[in-house]
*Asks:* 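Quick one: structure below, then a few questions.
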Number of protein chains: 2
Amino acid sequence: MTTSPGDASSGLAPGASAGRSRRATILDVAAAAGVSRQTVTRAMNAMPGIRPDTRERVQETARQLGYTPSRFAKGLVQGARTSVGLAIPDLTNPYYPAFASSVVELATQRGWHVVMDDYGHGGATGVESVQHLAPQVDAVIGYLGGAADEAQAILGRRPLVVLDQPAGPASGGISFDYDHAAQTALRHLQAKGCRQLAYIDRAPAGADQRAPGPVRANRPTPGTDTAQSVPTVRGQAFVRSAAAFDMAMTVAVSPESAASARQVTRRLLEEHPGTDGIVVFNDLMAAGALKALADSGRAVPADCAVIGMDGIPLGQLLTPELTTLALDLREVGRAAVELLDGLLSGSLEAGGPGTDLLLRHHLVLRQSA
Amino acid sequence: MTTSPGDASSGLAPGASAGRSRRATILDVAAAAGVSRQTVTRAMNAMPGIRPDTRERVQETARQLGYTPSRFAKGLVQGARTSVGLAIPDLTNPYYPAFASSVVELATQRGWHVVMDDYGHGGATGVESVQHLAPQVDAVIGYLGGAADEAQAILGRRPLVVLDQPAGPASGGISFDYDHAAQTALRHLQAKGCRQLAYIDRAPAGADQRAPGPVRANRPTPGTDTAQSVPTVRGQAFVRSAAAFDMAMTVAVSPESAASARQVTRRLLEEHPGTDGIVVFNDLMAAGALKALADSGRAVPADCAVIGMDGIPLGQLLTPELTTLALDLREVGRAAVELLDGLLSGSLEAGGPGTDLLLRHHLVLRQSA
DNA sequence: GACACGTTCGTGAACGTTCACGTCAAGCAT
DNA sequence: ATGCTTGACGTGAACGTTCACGAACGTGTC
């Protein structure tokens, strides 16, 4: 004990500036300020029924003790402030932050907190993300990539809004009308005179990331099941549409990155030099495809048109500027939050009407097609 | 009431599937399963000392009642799982998600939760963001844009790590060596033969977003105070360096978006047609500058070189690919999390040595300069 | 048959805060 | 003096969970 009795600047209770001991509680503050718990509460929460000088004295004491009210004790007695989990596969893909930004904004407006998880770093799955989020949140919004049933099981009665898939066993779902998107894109390409199409799909999560997928010519013949070589529902919609439009379409598969898409597109162009129209899984990969076309000396859209998918701002910065099947991402975020809001407030019933939305892309014409 | 007495699949206590009443507590489960609180705890948390069949019966009961343990009660008795707030000005700028992604990854590895706030939507400030986060978190990491003192005051003893500014009154700070960055860039441009430089700075937050800032020729003459027309420390470093290298440099100011930067650059090029080297506040705005140069029919880098700042992946997708003063964003995130980790564990003392880091950009040479 | 022992389960206490009261004194009218 | 109001402050109870015990019940051992 080196504390001398005449110590200046600390006429407080013992242990006032104590180092690494225990967190200060409301009782410590009350004792140090010579008042009761309730008065401390009144001082800290700007409640009436306390004399201004008392309030200030208590606040000063709290400051000196480094007192911070326990959010757990507060939450326990007051009933939860709602906090929602946001499960995102990859913040590095500009699509997701654009969506997340909207969710965070609208959630904040409602006084919610957003606990974010960017899973997929260590190769985690959406379900693992929900598992990590679950103990901390009252609801989850997320791109889970399937497995909504397991996620809902983990959450119990707490609402779950899944994106890019129908609700299924989840509380709510927002999915996208890929058939409509595909038809819109192919109609446009057909009108432009494109005849030899290609679609670059995203490789499934489990696929080997090192070896870009095979380039397969899938001349769509009715009755042929192409599901195996076309990993995503998005891709399958394009295959269906190509058949309906009677257009030839090659499908290539690439991991979800611009660099991989560039490489895959290069191979595609070598094996199918006559390709005059390419649709790509998303805008990020489309950027890679544009690079590959430039590498091969082709002019876009004169030699080959390109259509991306997402509508992220990135597209406007590319050269040529990217024509894309755009989603209004702020709108998607708004839909998700409003759906969740309805679920939480009880004005919407899980699995009931209005919990399974279908959103449409619209074609934004820029230079590349 | 349409519930018939012979209803199957629900032999539980009354109110089992009750609609919107009260949240089920551990006591409800205990009563319904015919056991005690503690046994329910043991069943839910996979603790030993419970018979497998009991465990399963309890779990099933909990599932049916939709029981979810209160995170508040749990936290109160167990001591907090740490959750950190992440205050970000704008998730729409690709710089921030790249950083956030790294923070979320490393925080998750440590078992922390990340509460994200994307302030700046409604024109909120960093301090307001901290205010919103404070009741929910044990620490904050953030790009606050100054005002670290107020933020720290709100947080009390809880650690605060600020980015892009020295720690000051905050617990820890990570800042960037802009003088070094500026010297690196200008040295390169000088070697390339550039003689008429321009720097495009970001307009301060309070500035009118509609009217892009003035284009001012700041031929650096020693003794002239240019601080007023150069809003950021980043910009001031470039002005200083230009003076040191004895290079002419015009400073223009633009709101932080590619579209605005494009517009400002266009005006800059009209007023200063001889410009042969441009450095831009960040990569996003540099993308706009590249567009403006293309608009004016100039070749990059032949007619005019461009150097961005940040090192976000976007730069590689542009045409021409963007030379940039890159920050290793995963490294920045790692530094922030490790700093916070030290602060939280007590191995680092707030304001002590090692809490104020200075990171350096390195020049990534691509096509644009 | 007494004892020790392991397994399974239940009970008091505690976590830190707020809510709903209760108390006490001062001021004022009757 | 009495009663009533008002302002400032204190006290019991409750929120829902886990921790540290203790009780009850077999099961084996000597």
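Here the structure is a predicted model, which means the values were calculated and not measured. Throughout, protein chains are lettered first and strands after them, A, B, ... in sequence-line order, and every chain is numbered starting at 1.
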*Asks:* Mind telling me whether A/H132 and B/H113 have parallel, tilted or perpendicular rings, with 30° and 60° as the class edges?
*Replies:*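 The arrangement is parallel - the two ring planes meet at less than 30°.
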
*Asks:* For the side chain of B/A73, starting at C-beta, report the closest nucleotide among D/dG16, D/dC19, D/dA14.
*Replies:*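 Of the options given, the side chain of B/A73 lies nearest D/dG16.
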
*Asks:* How does protein reach along nucleotides 6-12 of chain D, written 5' to 3' as B (base within reach of a heavy atom under 4.0 Å), S (only sugar-phosphate), or - (no contact)?
*Replies:* --SBBBB

*Asks:* To the nearest angstrom, how far is A/N45 atom CG from C/dT17 atom P?
*Replies:*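 Spelled out: CG on A/N45 to P on C/dT17 is 10 Å.
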
*Asks:* Run the salt bridge (Lys or Arg N to Asp or Glu O under 4.0 Å) test on A/R63 and A/E60 for me, step by step, so that the C-alpha distance in whole Å, both residues' side-chain angles and the decisive distance to 0.1 Å come before the verdict.
*Replies:* CA-CA 5 Å; A/R63 219 180 48 70; A/E60 173 61 17; 3.3 Å; yes

*Asks:* So, A/Q152 and A/S171: side-chain donor and acceptor under 3.5 Å apart, yes or no?
*Replies:*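 The criterion, which ignores hydrogens and geometry beyond distance, is satisfied for A/S171 and A/Q152.
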
*Asks:* Assess the residue pair B/T68 and A/R157 against the criterion (side-chain contact (heavy atoms from CB on, under 4.5 Å)); give the C-alpha distance rounded to whole Å, side-chain angles, the decisive distance to 0.1 Å, and a yes or no.
*Replies:* CA-CA 8 Å; B/T68 304; A/R157 290 235 203 295; 5.7 Å; no

*Asks:* Measure across B/G333 and B/V103 and return the closest heavy-atom pair with its distance rounded to 0.1 Å.
*Replies:*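 Closest approach of B/G333 to B/V103, heavy atoms only: CA-CG2, 4.0 Å.
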
*Asks:* Within the distance-only criterion (no hydrogens, no angle test), does the side chain of B/Q59 pair as donor or acceptor with the backbone N or O of B/A43 below 3.5 angstrom?
*Replies:*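 Side chain of B/Q59 to backbone of B/A43: a pair is present.
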
*Asks:* Roughly how many Å is it from CZ in A/R23 to P in C/dA14, rounded to a whole number?
*Replies:*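 To the nearest whole Å, that distance equals 20 Å.
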
*Asks:* Quickly work out the B/I26 CD1 to C/dA14 P distance and round it to whole Å.
*Replies:*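 Distance, rounded to whole Å: 19 Å.
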
*Asks:* To the nearest Å, give me how far apart CG (A/L76) and P (D/dA13) are.
*Replies:*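 Answer to the nearest Å: 18 Å.
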
*Asks:* Return the value, rounded to whole Å, for the distance between atom NZ of B/K74 and atom C1' of C/dG16.
*Replies:*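 So the two atoms are 19 Å apart, to the nearest Å.
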
*Asks:* Find the distance A/M44:CE to C/dT18:C1' and express it as a whole number of Å.
*Replies:*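 Distance, rounded to whole Å: 14 Å.
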
*Asks:* Roughly how many Å is it from CZ in A/R71 to P in C/dG16, rounded to a whole number?
*Replies:*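 Going from A/R71 (CZ) to C/dG16 (P), I get 14 Å.
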
*Asks:* For B/F72 and A/L76, which heavy atoms make the closest approach, and how far apart are they?
*Replies:*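 Heavy atoms of B/F72 and A/L76 come nearest at CB-N, 3.6 Å.
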
*Asks:* Evaluate whether atom CD of A/E56 has more than 12 neighbouring non-hydrogen atoms of other residues, nucleotides or ligands under 6.0 angstrom away.
*Replies:*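 Count not over threshold, so no.
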
*Asks:* When all nucleic acid strands are considered with a 4.0 Å heavy-atom cut-off, which category describes A/T41: base, sugar-phosphate, or nothing?
*Replies:*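 If one applies the 4.0 Å heavy-atom cut-off, A/T41 turns out to touch a base.
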
*Asks:* If we ignore angles and hydrogens, is there a donor and acceptor under 3.5 Å between the side chains of B/S101 and A/D118?
*Replies:*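 Checked: B/S101/A/D118 side chains pair up, N/O donor to acceptor below 3.5 Å.
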
*Asks:* Rounded to whole angstrom units, what separation is found between the CZ atom of B/F72 and the P atom of D/dG16?
*Replies:*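 B/F72 atom CZ is separated from D/dG16 atom P by 12 Å.
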
*Asks:* State, to the nearest 10°, the angle formed by the axis through the first five base pairs of the helix from C/dG1-D/dC30 to C/dT30-D/dA1 and the axis through its last five.
*Replies:*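 About 60°, once rounded to a multiple of 10°.
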
